[in-house]
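Computed from a predicted model, the values in this text were never measured in an experiment.
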Amino acid sequence: MRTVPVPSAFAGKRIILRFDNTTQAAHLEVNGHFVRDYWGSSGAWTADITDFVTPGEDAMISVRMERSEGLGAFVRFQPVIREASLYAVPDQYLQRLRLTTDFDAQYRDAELEVWVKVSRPGGGSLRLSAV
């Protein structure tokens, strides 16, 4: 368990907690409230903790690491391996962006596929330009 200050400048924004790398299963609680579970091996993950914190006040962050069963039992158990960070984003923000290209046989022309995930659908726009 760790106490983390939540900057008052985060007021009116979505507050995100990011873990750069954990192994096995993680159980996240903030100020005594369950936020989410995560299972993976050496992956980064985020949690929106806006509803569980107050900007300008400290937050109690608890991450309980658990051993997995099945295939997860063969991964060496370690806690959070890298950094964890706290940041703020606007109410509507880009969560994920994936670009895929499919080139022709001569590698001269390609089709570009763009996949976007936003935090709260509705409103906003995305503009793509060819150069």
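Taken to the nearest 0.5 Å, the CD1 atom of Ile15 stands 8.0 Å off from the OG1 atom of Thr54. Summarising the geometry, atom CD1 belonging to Ile49 is positioned 5.0 Å from atom CG belonging to Leu17; distances are rounded to the nearest 0.5 Å. The OH atom of Tyr87 lies 5.5 Å from the OG1 atom of Thr46; values are rounded to the nearest 0.5 Å. Note that CD of Glu29 and CZ of Arg36 are 14.0 Å apart. Values are rounded to the nearest 0.5 Å. Between the OG atom of Ser62 and the CZ atom of Arg2 there is a distance of 11.5 Å, given to the nearest 0.5 Å.
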Thr100 and Trp115: CA distance, side-chain angles, deciding distance, side-chain contact (heavy atoms from CB on, under 4.5 Å) verdict: CA-CA 8 Å; Thr100 306; Trp115 181 86; over 6 Å; no
Run Ile61 and Asn31 through side-chain contact (heavy atoms from CB on, under 4.5 Å) and show every step you take. CA-CA 7 Å; Ile61 310 289; Asn31 289 330; over 6 Å; no
Show your working on side-chain contact (heavy atoms from CB on, under 4.5 Å) between Leu112 and Leu99 and close with a plain yes or no. CA-CA 7 Å; Leu112 174 66; Leu99 303 173; 4.2 Å; yes
Kindly determine whether Val114 and Leu97 satisfy side-chain contact (heavy atoms from CB on, under 4.5 Å), including the steps that lead there. CA-CA 7 Å; Val114 179; Leu97 172 67; 3.9 Å; yes
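Within the 4.5 Å cutoff, side-chain heavy atoms of His27 are placed close to those of Phe34. Side-chain atoms of Leu28 and Phe19, non-hydrogen and from C-beta on, do get closer than 4.5 Å to each other. When side chains are defined from C-beta on, Val35 counts as touching Phe52, because their heavy atoms get closer than 4.5 Å. In this structure, Leu94 and Val116 have side chains that are in contact, with non-hydrogen atoms separated by less than 4.5 Å. By the 4.5 Å heavy-atom criterion applied to side chains, Val6 and Asp58 are not counted as neighbours.
Taking both residues in full, the closest heavy atoms of Pro55 and Pro7 are given as CB-O, 3.6 Å, listed atom of the first, atom of the second, then distance.
Shown are Val63, Thr50, Val53; of these, the side-chain contact (heavy atoms from CB on, under 4.5 Å) with Val30 is made only by Val53.
With sequence neighbours excluded, the residues that form a side chain to side chain donor-acceptor pair (under 3.5 Å) with Arg18 are Asp20. Partners of Tyr93 under the side chain to side chain contact (heavy atoms under 4.5 Å, CB included) rule, at least two apart in sequence or in another chain, are Arg14, Ile16, Val89, Pro90, Gln95, Ser119.
Applying the salt bridge (Lys or Arg N to Asp or Glu O under 4.0 Å) test to pairs two or more places apart or on separate chains, those with a residue in residues 90-108 are Asp91-Arg120.
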